[in-house]
Structure formats: structure tokens, C-alpha cells
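We name chains A, B, ... by the order of the sequence lines, and we start the count at 1 in each one.
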Amino acid sequence: MTTKTETTTTATPNDSMATAAAINLAIALLPLVNTGVQQFIGWIAALRSAAQQAGEWTPQQEDAYRVALLSKTGDPAYLPDVHL
Amino acid sequence: MHKHITETSETIPNRILLGMLGLMLLSGCVALNPGADPLVVRTEQTLTSASASFDMVLRVDQADRGWWRTNAPAFHQFCEWMRTPTLYRGQTPVPRCVAMQLNVDDLKLAYKAAKTTGNSNALFTALGTLNAAVIQTTSWSNIVTAPIH
């Protein structure tokens with residue numbers, strides 16, 4: 001006397017909503033991940049460049065540094081929320 | 001047992017990645033050129049890493065400010081603190097993180113022009129403050145880029 005039990009997997013509305021929410025979250029995070037990876041690589045490259053520095057900056061390097069720094073004042077990433 | 005296998009397969013790529021990053025950083029360390037002032041070079045190294053670190057977190061926050069404001073308010077608040085307009089030389093408003101770097105660079109130039117005890121002390125103090133901001137920034141970058149499991 002054996003009995004067979006069949007189990008069927010059906011997606012409940014809650015599962016579908018959870019999946020949809022996960023997909024939406026992943027889509028929302030994609031630009032952040034993309035930006036983060038690029039910035040992370042740039043950061044590592046800058047740290048490496050700093051570690052390799054053996055002498056003082058030349059006047060040209062000093063000027064380039066200050067120009068690059070001052071140019072950031074108009075960069076949207078450096079503006080506070082109230083100025084956007 | 002299964003858990004052990006899973007953990008191993010997850011940690012090996014992480015270890016390889018950390019090893020590669022370590023090699024990239026450590027293999028680049030070089031000795032100072034003769035005549036180079038260690039305080040000046042250390043200051044310039046800190047300025048380079050500060051610029052890159054501030055840039056990284058501010059651009060990550062900039063990618064979706066609303067998302068960070070809602071989901072990581074302390075991080076966004078820290079970014080806003082770094083963006084706060086601050087007067088440079090008492091007249092030009094610049095973001096606080098830019099002002100910190102400009103002030104340290106000014107002190108470095110003053111020290112190079114006249115290597116007095118007062119100038120070296122002022123530079124060393126400002127460098128410590130900038131270094132603290134860099135450490136805090138790096139901590140935030142570690143927190144916000146940590147994988148969520």
C-alpha cells in the first residue's frame with residue numbers, strides 16, 4: 001500500500017512581489033555599482049601613484065594640482081543639496 | 001560541510017583580490033630621492049590620496065543622492081559636510097574638502113619657502129587634520145561599498 005504525494009510549486013503573489021522588488025532594487029543599484037567600480041579603480045590608481053612618489057612636485061605639477069582642485073568648485077558632485 | 005565549501009568558494013576570490021590590491025600598492029613604494037624633504041613628500045602623498053578619496057565618495061553619493069539620503073542618511077550627511085561652502089583665504093567660497101586641501105597646500109608652500117619650526121608645526125598639524133578626514137572618508141567608502149548578503 002503506497003501512496004504517492006505530488007508536490008507542485010506554484011508562485012504565490014507574495015513571491016512575485018518579492019521578485020519584482022528584488023529586480024527593481026537591482027536595477028536601481030546598477031548605476032551606483034557602475035559609478036562605484038570606476039571610482040574605486042581611480043582611487044586605487046591614485047594611491048599607487050602617491051606611493052610611487054619619490055620627490056617633491058615640480059612647479060608644473062603644483063600648478064596642475066591646484067587648477068584641478070579649484071575646478072572642482074563648480075562640479076555638481078561638490079555642490080550641496082541646496083545648491084542643486 | 002556544505003557550509004564550509006560555500007565559505008571557501010566565497011573567500012578565495014576575495015583573498016586573490018586583496019592580494020592583488022596589496023601587490024599593486026606595496027610594489028609601488030619607492031625610496032625618496034636625495035634632497036627631497038620627507039615632510040613635503042608626505043604632504044603631497046596625502047594630498048593626492050585625499051583628492052582621490054574625497055572624489056570617490058562624493059561621486060558615489062552624487063550617482064543617486066536621493067537613494068543615499070533615504071537608505072544611508074549618515075553617509076549622505078557626511079558628504080554634505082564635505083560639500084559645505086567654506087571661505088578660502090577668507091574670501092572665496094569653496095567646498096570644505098577643497099578648502100582643507102588648499103589650506104594644507106598653502107602651508108606646505110609656506111614651509112618650503114621658509115623651513116622654520118613654526119611653519120613645520122603648522123603644516124604637521126594641518127596634515128594630521130586632513131589625514132583624519134581621509135581616514136573617515138575611506139571608512140565610509142568601505143561601509144557603502146560593502147556587499148549586502
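- For a residue to count as touching a neighbouring chain, one of its non-hydrogen atoms must lie under 4.5 Å from one of that chain's; by this rule B/C79 does not touch chain A.
- Contact count against chain B (heavy-atom pairs under 4.5 Å) is highest for A/P80 among A/S49, A/G42, A/P80.
- Among the residues in residues 68-76 of chain A, those with a non-hydrogen atom closer than 4.5 angstrom to a non-hydrogen atom of chain B are A/L69, A/L70, A/K72, A/T73, A/D75, A/P76.
- For the side chain to side chain contact (heavy atoms under 4.5 Å, CB included) test, residues two or more places apart in sequence or in another chain that qualify with B/T46 are B/R42, B/L127, B/L130, B/N131.
- In this structure, the portion of B/E80 lying under 4.5 Å from any heavy atom of chain A is its side chain and not its backbone.
- Ion pairing of B/D61 with B/R69 is absent here, as no side-chain N (NZ or NE/NH1/NH2) approaches a carboxylate O to less than 4.0 Å.
- No hydrogens or angles considered: nothing links the side chains of B/N71 and B/H76 as a donor-acceptor pair under 3.5 Å.
- Heavy-atom pairs under 4.5 Å with chain A peak, among B/T43, B/T48, B/D55, at B/D55.
- Salt bridge annotation for A/E56-B/K108: absent, with no cationic side-chain nitrogen under 4.0 angstrom from a carboxylate oxygen.
- At least one donor-acceptor pair under 3.5 Å links the side chain of B/T86 to the backbone N or O of B/T84.
- Note that the CZ atom of B/F124 and the OG1 atom of B/T117 stand 13.5 Å from one another [nearest 0.5 Å].
- Highest contact tally toward chain A, considering only B/P34, B/S51, B/C97, B/P93, is held by B/S51 [criterion: heavy-atom pairs under 4.5 Å].
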Using distance only, find each side-chain donor-acceptor pair of residues 132-139 of chain B under 3.5 Å and give its atom names and separation, not counting sequence neighbours.
unit_1 : atom_1 : unit_2 : atom_2 : d
B/T137 : OG1    : B/A133 : O      : 2.6
B/T138 : OG1    : B/V134 : O      : 2.7
B/S139 : OG     : B/I135 : O      : 2.9

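- In this structure, the side chain of B/N33 does not engage the main chain of B/A36 through any donor-acceptor pair within 3.5 Å.
- Neither the backbone nor the side chain of A/Q61 comes within less than 4.5 Å of any heavy atom of chain B.
- For a residue to count as touching a neighbouring chain, one of its non-hydrogen atoms must lie under 4.5 Å from one of that chain's; by this rule B/V40 touches chain A with the side chain only.
- Listed by chain and number, the residues in a ring pair (Phe, Tyr, Trp, His ring centres under 6.0 Å) with A/Y65 are A/W57 (sequence neighbours excluded).
- How far NZ of B/K115 is from CG of B/L123: 10.5 Å, rounded to the nearest 0.5 Å.
- Checked by atom type, the side-chain pair B/D37/B/Y111 shows a donor-acceptor distance below 3.5 Å.
- For the options A/A46, A/A77, A/A50, heavy-atom pairs under 4.5 Å to chain B are most numerous at A/A77.
- Put simply, of B/R83, B/Q62, B/K112, B/R96, the one with the most heavy-atom pairs under 4.5 Å next to chain A is B/R83.
- Looking at B/L102, the atoms closer than 4.5 Å to chain A (heavy atoms on both sides) sit in the backbone and in the side chain alike.
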